[in-house]
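Structure record follows, encoded as structure tokens.
Because only heavy atoms are used, hydrogens play no part in the values below, and waters and symmetry mates are left out as well, while side chains stay in. The chains referred to below are lettered A, B, ... by the order of the sequence lines, with proteins before strands, and numbering in each begins at 1.
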Amino acid sequence: MPNPHDHRLPSAPGHRKIDYRAELNPAQYRAVTTTEGPVLVIAGAGSGKTRTLVYRLAYLVDQGVDPGAILLLTFTRKAAREMLGRAAELMDQPLTQVTGGTFHSVCYLWLRRYGGLLGYGDGFTVMDRDDQGHLLALLKEQLGLKTVQGPFPRKDTVADILGAVVNKRLTLEGVLRDYPQFLPQLRHLDAIAKAYDEEKRRLNLMDFDDLLVQGARLLTEHEEVRRALSERYRYLMVDEYQDTNHLQAELVRLLAYTHHNVMAVGDDCQSIYSFRGANFRNIMDFPALFPGARLIKLEENYRSTQPVLELANAMMVEAREQYTKCLFSRRPDGLKPRLFRPASENEQSRLVVAQVQELRRQGLPLRQMAVLFRAGYHSFDLEIELVRQAIPFMKFGGFKFMESAHIKDLLSYLRVVANPRDTLSWTRLLSLIPGVGRRTCARLTGQMGDGFTLKEARSLLQGQRQAGLKELAGVLEELAGPSQTMVARLNRALEHYEPLMAGRFDDYPKRAKDLEHLLTITARYKELRSFLNDLTLDPPASMADITGVAHDYLTLSTVHSAKGLEWEAVFIIWAAEGRFPVFTMQEREDDTEEERRLMYVAVTRAKRHLAIIFPAAGYNRSLGYTANSPSRFIAGLPRKLLEPWRVEVERG
DNA sequence: GAGACCGACGTTTTT
DNA sequence: CGTCGGTCTC
């Protein structure tokens, strides 16, 4: 049992002695050294939040805490990896024993181990958003709801609605208040919801929400598990607490029930995930969850210059609700943020390219620059321009590489081997075979009952008249071979899939290349199920994530994906009404306020150079060419905070 | 029963 | 503009 009051330092070779008091400011120091009991850290943008977490990891270990007793919960798995890496570097000592990851990924690990207690068979697999949609469409058909009167939500909307029920702790009726046009379908949606839950069970599948729901259920209903995990993880740290929902808060409460050693870190101004059930007020409820929680505020900003910060603060002054803190900077010098109004989208793109080139000439590497936008498609025109000018870039957010059809097709071979009850993947796989369509799929999957095994599946396929199905049975037999490496398996699937793919996609060569690249990340996996579930829980954000990239590149990112990151120079494009805030978020005040926080997050990513850009005219599908107004978050700002710049772009 | 075709529609963020 | 879902033809 680690004793936190034992001040002996571990004598690991090469371990560096850290002077915590000298390397942290007083508030950070308090956050790092308050190791016992609940602590809430309100950490403003750029206030050294990550630094604080990293030092606290080191401090705990320095205090003699067993690294295996530390659980670090972050918003992405990448964030956890980076923090653990930095702490290890700081200490000059590996920290492999610390558990770090997202709520979803740790719940997955626990459910894998204890899922049997909740009636989950061995080998459940995790479904992504796309699978959810397919299953919901299937159920809609099975329930005979294809012919119902009146407007009916599409499958993605149904998924949104059901997700809101779980994540926002609402009734179906409550959620439908936001979708009044679908209120008449309440009964049908309720039927779909029930069927959806049953069907996931039957297919041995969990969706993202199930991981949290079942994880919380596991801890609630099984005292022995709750105790075991609580006693194992004696030190909890939760990052980005403002973006957690009630399920995640409940998980924290359950995990900490034997010791209450929880540090939650977050910033109410940066809550941008309400669509996932997060509420910026949740962070204020932390003291109610853990009475006696100490509150520490980090208000000194180390990232941005004063002019950038003034703009950010001014933006929040206009917010409907006042937030908990005000940022100040020790970097008083600096350039005023600039506002640009190019004539069109393409001029916006060329303007960004020109500015990037100029900064580059001044010696700033591309890695220190980012272009941020509200939605993935906002950067399409810019991407074309960057390719034309041969500027290397990497894009984050928006398009989901792992959900593209060819990737999912290829993985379906492996998914049915990993979980033969997964009739969703069976449907996908069987449909690839020429001569097999909707009916044949339905007939075959209909014969796949409970406890269905791969061996039974193979003999079922063998008995079909289509030669393609017989051949597939052979491929699956090879894939299931116990001694196969992951690379060999994926290769075998690819060998079978490639000729089928050729007929399906016009851009077949490009997609074939994607699949080859996918092979390269396969090598580090030994077990099939871990491989598949890892890809679902922590998908590569882009092709570049897989292939590795040039050492220097410009970042293009959605604001959501830019959370927690920083650059010397930031360009915010499409800062126009209808784009940012997006049209759909202009109706309700809550939504607009979240868009404001999103703009705040975007602005506070900049260290020194900040440019905000909106094209004067834009093309809109329904309206044709229209004039744009600047984003309301920009238009209302005091003039002195922004340098308005005329744009001259040479005609090209 | 498979698969091509056509018209309507809505358009965001992510584990 | 691209996707989705429904219909028509082979």
Atom CE of A:M127 and atom P of B:dT15 are separated, to the nearest Å, by 17 Å
I'd like to know if the side chain of A:Q242 pairs up with that of A:E240 as donor and acceptor (distance under 3.5 Å, no hydrogens or angles considered). yes
Rounded to whole Å, the CG-P distance (A:L372 to B:dT12) equals 19 Å
Once you apply a heavy-atom cut-off of 4.0 Å, does A:Y273 come out as touching a base, just sugar-phosphate, or nothing? sugar-phosphate
Between CG of A:D207 and C1' of B:dT14 the distance, given in whole Å, is 14 Å
Between NZ of A:K155 and P of C:dG6 the distance, given in whole Å, is 12 Å
Could you tell me if the side chain of A:L247 sits less than 4.5 Å from the side chain of A:V166, heavy atoms only? yes
Looking only at B:dT13, C:dG6, B:dT15, the nucleotide nearest the A:R129 side chain is B:dT15
Between CZ of A:F152 and P of C:dC4 the distance, given in whole Å, is 17 Å
Taken to the nearest whole Å, OH/A:Y179 to P/B:dG10 is 13 Å
Practice problem: Determine the Euclidean distance between corresponding P atoms of C:dG5 and B:dT12; express it in Å to zero decimal places. | Solution: 16 Å
Q: Describe the nucleic acid contact of A:T536 in one word from base, sugar-phosphate, nothing, applying a heavy-atom distance below 4.0 Å.
A: nothing
Compute the centroid of each ring, for A:F580 and then for A:F373, and state whether the two points are separated by less than 6.0 Å. no
Considering only heavy side-chain atoms of A:D156, the closest of B:dA2, C:dC4, C:dG6 is C:dC4
Does A:D243 form a salt bridge (Lys or Arg N to Asp or Glu O under 4.0 Å) with A:K563? I'd like the steps, not just the answer. CA-CA 11 Å; A:D243 283 324; A:K563 184 161 97 156; 2.5 Å; yes
In whole angstroms, the gap separating C1' of B:dT13 from CD of A:E594 amounts to 9 Å
Rounded to whole Å, the CZ-C1' distance (A:R154 to B:dG7) equals 12 Å
message = I want to know whether A:H560 and A:Y273 have ring centres closer than 6.0 Å.
response = yes
Would you please confirm or rule out a distance under 4.0 Å between OP1 or OP2 of B:dT14 and any side-chain N or O of A:T558?
yes
